[in-house]
Amino acid sequence: MGTSRWSIEQVESVAPSAAAITAAQPLASPARWTGLGADDAALWGSCQGSGSEPYDTMVDHQHVSFTCTCPSRKTPCKHGLALLLLWVRDQVVDTPPPAHVSSWINRRSAKRTASSRSTDVGSASSHSAPEAAPEAAGSETVDAGDVIGESKPTPPMPQPDRNTARNDRVQRMHGGLTELDRWLDDRIRTGLADPSLARYATWDDLAARLVDAQAGSLANRIRRLAGLVGASPGWHDDVLAELGLLHLLSQAGRHLGSLPGPLADAVATAVGWQVKQADVLAGVPDTDHWVVAGRSDVREDRIEVRRHWLRGTSSGQWALCLSFAAYQQSLDTSLRVGTSLHADLHRYPGPALRSLVGARYALPVDPVTPPSQTIAEGCNEVGSMLVAEPWLDRLPVTIRARLARSGEVWALADATGSLPVLNAGTRQFDAGLAMLLAVSEGREVDLTVEWTPHGVVPLSIHLPDRTIDVGPRANTSFVSAA
């Protein structure tokens, strides 16, 4: 079998996105390929795709270049990545290259040689030299580009390695995840009684290092975790659970190439791998009538985050649309709670709920109420979403319940169970509580709430003739047009 000089991390580093690695995994099977081969310079093979003809793929693993007959505009495409994955797993046999592979490698070698000579000539011409004597007639044939009055075309400069930046980014992220695991080991060894946990700098320094390692999503989790220390009598349990999730993500983030299917995309997003909106919008959309079931504004660090929770009328699937605003910037106001929008929704890679609204086919219709369920059924729905992504800390659910109180604790309850209400006693909650009490008069009503590990946040009250938005709202002194 061919001896690999690459590691799985190097294959991940040349991928245009985590989604590309996920798409390549099903193709990384010898049964999908014919004419597989490798030598010291290249890999090659033909992969049967959706078309009638197989896609011919070649990889120059010495100088990192790819070519494939598939219509993908991404470089490398999933076929090139799959070929590399087969190679690093020693599933490609060493064999002499066929003629078309040798021709491709020779052309690339000739181009590199020409570029190198051009660079050498340019360097030599920058120094002073004695004037050359006129050549004798007939000594050499003059090229067309050497005619007096015409300049020879400048040879193209060698292109910078497009993979260098991506490679550096992956290395920084892996380094940041390794450092996070080391930091977690120190926290467990010293215990949660360590006085340093009460100092915000303990957490902020780590968050800053994760930002430098381009693991921004984990940095945000670290900063939010700092606010849990000493915040409640049971804060030790809350902090320990979150430390466990951070360990899970740091381990999974260093093994993206070996994770199955959409899970790799979900982990990459949770760690901080950014996906371009253009790539998301280029995917196949979910077209449905989307009910805007609820809205929630939350300040995270120095950014206001607005979450719109949408539910498909036909599919019954939830979707999340995010908007962000720094100081004196505006949040998205185009999605009005209680309306139904006939539109395309483009989902981010993986099982994540996050989506972008694409083409809209009609004006919003209202009032529209998403289907409700009992508290027990709602808990089952939340549990199913957590199975796919256990690190999620906010999920939507629409239930039919009434507001109840036991001592100082407010909860939403029905015959099947109860859910504690988060942040009861705060000024913002009291406004929503007063509205809910006034509208429901103690009876059961349809509510869309946002589930968190510490309780639920009421977002909207669905009545037969209208929907009342009671979700947390951004401070207008911080954002404009909130």
Which pair of non-hydrogen atoms, one from [X] and one from [Y], has the smallest distance, and what is that distance?
X	Y	result
Y55	C70	CD2-CA, 3.6 Å
S334	D332	OG-OD1, 2.7 Å
A293	V337	O-CG1, 3.9 Å
V59	G80	CG2-O, 4.0 Å
L459	S296	CD2-CB, 3.8 Å
S355	L353	OG-O, 3.0 Å

What donor-acceptor contacts under 3.5 angstrom involve side-chain atoms of residues 242-250, with partners at least two apart or in another chain?
unit_1 : atom_1 : unit_2 : atom_2 : d
E242   : OE1    : R221   : NH2    : 3.4
E242   : OE2    : R221   : NE     : 2.8
E242   : OE2    : R221   : NH2    : 3.0
H247   : ND1    : D181   : OD1    : 2.8
S250   : OG     : D181   : OD1    : 2.9
S250   : OG     : D181   : OD2    : 3.4
S250   : OG     : L246   : O      : 3.3
S250   : OG     : H247   : O      : 2.9

Looking at [X] and [Y], would you say the former's side chain and the latter's main chain have a donor-acceptor pair under 3.5 Å?
X	Y	result
H308	L335	yes
D56	M58	no
S103	H100	no
H346	G283	yes
R307	L320	no
D297	A474	yes
Q62	D40	yes
R295	P472	yes
W33	L27	yes
D238	L228	no

[X] side, atom [atom1]; [Y] side, atom [atom2] - distance, nearest 0.5 Å:
X	Y	atom1	atom2	result
D205	L210	CG	CG	11.0 Å
E304	Y327	CD	OH	13.0 Å
S217	I222	OG	CD1	12.0 Å
T467	R336	OG1	CZ	9.5 Å
S384	E381	OG	CD	7.5 Å
R311	S340	CZ	OG	13.5 Å

Would you check, one step at a time, whether the test side-chain contact (heavy atoms from CB on, under 4.5 Å) holds for I399 with L419?
CA-CA 11 Å; I399 56 176; L419 291 169; 4.3 Å; yes
Min side-chain heavy-atom separation [X]-[Y] under 4.5 Å:
X	Y	value
Q317	D288	no
L177	Q251	no
V368	W290	no
T202	W183	yes
S258	I8	no
L36	L83	yes
W44	T95	yes
R172	D212	no

Quick one: do the [X] and [Y] side chains pair a donor with an acceptor below 3.5 Å?
X	Y	value
Y361	D344	yes
S314	H289	no
T398	S372	no

Is [X] salt-bridged to [Y], cutoff N-O under 4.0 Å?
X	Y	value
R347	D286	yes
D185	R182	no
E389	R354	no

Exercise. Show the numbers, then the answer: is there a side-chain contact (heavy atoms from CB on, under 4.5 Å) between E12 and M173?
Key: CA-CA 12 Å; E12 293 171 3; M173 185 175 288; over 6 Å; no
query = Checking side-chain contact (heavy atoms from CB on, under 4.5 Å) for the pair D237/L240: CA distance, chi angles, key distance, verdict?
reply = CA-CA 5 Å; D237 294 337; L240 186 60; 5.7 Å; no
With sequence neighbours left out, what residues match T178 under side chain to side chain donor-acceptor pair (under 3.5 Å)?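 By the side chain to side chain donor-acceptor pair (under 3.5 Å) rule, T178 matches R254.
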Exercise. Take Q373 and V397 through the test side-chain contact (heavy atoms from CB on, under 4.5 Å) and record every step on the way to the result.
Key: CA-CA 9 Å; Q373 52 195 333; V397 64; 3.7 Å; yes
Worksheet item: Do the two ring centres, one from H61 and one from W6, sit under 6.0 Å apart?
Response: no
Exercise. Quick one: does NZ or CZ of R108 land under 6.0 Å from the six-membered ring centre of W104, within 45 degrees of the ring axis?
Worked result: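 R108 over W104 ring: yes.
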| query | Heavy-atom count around E300 CD within 6.0 Å, excluding the residue itself: above 12? | reply |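 Yes, enclosed.
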Exercise. Report, as yes or no, whether the 6.0 Å neighbourhood of atom CZ on F324 holds more than 12 heavy atoms from other residues, nucleotides or ligands.
Key: yes
